[in-house]
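Everything below concerns the one structure shown next.
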Amino acid sequence: MRPDTSDYRAIFLSDIPMMDARAPVEFAKGAFPGVVNLPLMNDAERQKVGTCYKQHGQKAALELGHRLVSGKVKDERMQAWAAFTEQHPNGYLYCFRGGLRSQIVQQWLREAGIDYPRVVGGYKAMRHFLLDTLDQAVAECDFVLVGGMTGTGKTEVLAQLDNSLDLEGLANHRGSSFGKRATPQPAQIDFENALAIRLLKYRAAGTQQFVIEDEARLVGRCSIPLLLFQGMQAYPLVWLEDSLEGRIERILKDYVIDLCAEFVSEFGDTGFAAFAERLQQSLVNIQKRLGGECYKRLALLMDQALAEQSRSGEVDLHRAWIEALLAEYYDPMYAYQRQSKAQRIEFSGPQAEVVEYLRQRASKRQA
């Protein structure tokens, strides 16, 4: 029989399978990558037991829980737990604090002839471990930012490096006002947990210098952890450059062609309409900052481009609103940012040169 564990580091470094016995509402607020939610009690049962505990104490609450999870309900949950243990013989189970719920699941499995270990301290202890992992990385590691005008391909730079952290990828959002994807963003806690695990694995492999994109505090609805974001206000900066034409083509691919394909893949026949609505709403979201006249002009160009795309599949007309949006909205904003951060910029150039510079920078740090 394998013993219970409190080796959280080994769990996350090895992607050990885990069964989360918390209620679905707890799981939805935050969990760990790849974990399966197989609750002891559903949300309604948990609420009833919690109310009973407050009014009548632990003994009465336990008795109620056993009554609620009995008979056919218990048999169905036992089958799901047993199937998980069979599929993942090296895994563990846990609840919120590693207390009663995971102990009950463990006991019932044992009575069925299945010995399966728990994570001591449960979700709460593992969550604290990951938060400490984040704080330690910020305190002990070097970070360098990649900045640049909208559409210069900062994410492409990160993808070519062995020491990059793609915050936008982890947040499932492209970071800008138009960055919302076809699929939902993770919960804030899920975003933080995934980031911490990524850092933990990098550091275990010996990486001590990380490249991240220069971001605002919010990546969509996901908030960059405070200590990291505070550090980002002082980290050295590498500035990525590209021509206006190159940036227009990249934005056309990312925010029109690829995003449309995402929506069609996700929603089928209604995908294009959902994509068009998302694009139009993204423009509405910055209407006040654009000003009324500018917004009306760009909205008309966008509507014409979407109509043509719907009719023929051609995307050429989108270049008009993209170019205007860059010239009148994004570029002035980023030009100001570059000026305000000029003292921190240690290198600037096109993509290939920036990638090479960052690779050499990392190799010097490792030496």
Side-chain angles (χ1 to χ4, degrees), residues 146-161 164-186 190-191 194 198 211-216 218-222 240-286 298-299 301-327 329-331 333-334 350-352 354-355:
V146 176
M149 298 287 196
T150 298
T152 50
K154 297 181 282 290
T155 301
E156 293 172 14
V157 168
L158 298 182
Q160 296 176 65
L161 300 171
S164 64
L165 290 168
D166 184 1
L167 299 175
E168 293 181 0
L170 293 172
N172 194 36
H173 194 283
R174 288 196 172 97
S176 72
S177 306
F178 287 75
K180 204 171 182 182
R181 313 293 292 252
T183 50
Q185 286 193 260
D190 291 353
F191 169 67
R198 191 70 56 88
V211 181
I212 56 178
E213 185 172 335
D214 190 16
E215 304 275 7
L218 288 175
V219 184
R221 71 176 187 185
C222 292
L240 181 60
E241 297 174 344
D242 197 4
S243 66
L244 177 62
E245 292 74 18
R247 292 162 57 212
I248 291 171
E249 292 308 306
R250 188 173 287 109
I251 292 170
L252 179 69
K253 180 180 182 298
D254 290 346
Y255 292 83
V256 176
I257 299 170
D258 290 354
L259 187 61
C260 181
E262 280 183 28
F263 271 90
V264 171
S265 175
E266 189 71 18
F267 301 108
D269 292 342
T270 62
F272 183 82
F275 154 73
E277 183 180 348
R278 173 65 55 77
L279 210 58
Q280 290 163 332
Q281 184 59 49
S282 297
L283 193 63
V284 170
N285 291 343
I286 58 172
L298 292 183
L301 290 172
M302 181 183 284
D303 290 346
Q304 291 170 343
L306 286 167
E308 181 61 28
Q309 185 181 0
S310 177
R311 187 187 69 80
S312 67
E314 292 295 327
V315 297
D316 292 345
L317 292 183
H318 284 284
R319 292 186 178 87
W321 69 262
I322 292 172
E323 182 172 1
L325 190 65
L326 289 176
Y329 178 69
Y330 281 111
D331 286 5
M333 181 168 57
Y334 276 83
Q351 186 173 128
V354 164
V355 169

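Because the structure is a prediction, the values reported are computed rather than measured.
- Here the CG-CD1 distance, from Leu244 to Ile322, works out to 10.5 Å after rounding to the nearest 0.5 Å.
- Under the side-chain hydrogen bond (donor to acceptor under 3.5 Å, both in side chains) criterion, Ser312 pairs with Glu308, sequence neighbours left out.
- The minimum heavy-atom distance linking Val219 with Gly175 is given by the pair CG1-CA, 4.2 Å.
- Between Lys154 and Glu168, none of the side-chain N atoms (NZ, or NE/NH1/NH2) sits under 4.0 Å from a carboxylate O, so this pair counts as no salt bridge.
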Full working for side-chain contact (heavy atoms from CB on, under 4.5 Å) between Leu240 and Gln351: CA-CA 6 Å; Leu240 181 60; Gln351 186 173 128; 4.0 Å; yes
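- Nearest heavy-atom pair across Leu170 and Ala194 is CD2-CB, 4.1 Å.
- Atom CD1 of Ile251 is separated from atom CZ of Arg247 by 6.5 Å, given to the nearest 0.5 angstrom.
- Within a 6.0 Å radius of CD in Gln280, other residues, nucleotides and ligands contribute more than 12 heavy atoms.
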Arg250 and Glu156: CA distance, side-chain angles, deciding distance, side-chain contact (heavy atoms from CB on, under 4.5 Å) verdict: CA-CA 10 Å; Arg250 188 173 287 109; Glu156 293 172 14; 2.8 Å; yes
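- Of all non-hydrogen atoms in Phe272 and Leu306, the two that sit nearest each other are CZ-O, 3.5 Å.
- Under the ring-ring contact (aromatic ring centres under 6.0 Å, His included) criterion, Phe263 pairs with Phe267, not counting sequence neighbours.
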Derivation of the side-chain contact (heavy atoms from CB on, under 4.5 Å) call for Val211 and Val157: CA-CA 10 Å; Val211 181; Val157 168; 5.6 Å; no
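- Here the CD1-CD distance, from Ile286 to Gln281, works out to 11.0 Å after rounding to the nearest 0.5 Å.
- Taken from CG in Asp303 to CG in Leu317, the straight-line distance is 12.0 Å, to the nearest 0.5 Å.
- When all heavy atoms of Leu165 and Leu158 are compared, the pair lying nearest together is O-CD1, 4.0 Å.
- Between Phe178 and Tyr255, the ring planes are perpendicular. Angles over 60° get that label, and only those under 30° would be called parallel.
- By the 6.0 Å contact criterion, CD on Glu323 is open, its count of non-hydrogen atoms from other residues, nucleotides or ligands being 12 or less.
- The salt bridge (Lys or Arg N to Asp or Glu O under 4.0 Å) search around Arg198 returns none, not counting sequence neighbours.
- For the atom pair CG of Leu252 and CD1 of Ile257, the computed distance is 4.5 Å after rounding to the nearest 0.5 Å.
- The two residues Leu259 and Arg174 have their closest heavy-atom pair at CD1-NH1, 4.1 Å.
- Taking the six-membered ring where the residue is Trp, Tyr334 and Tyr330 present tilted rings, their angle falling between 30° and 60°.
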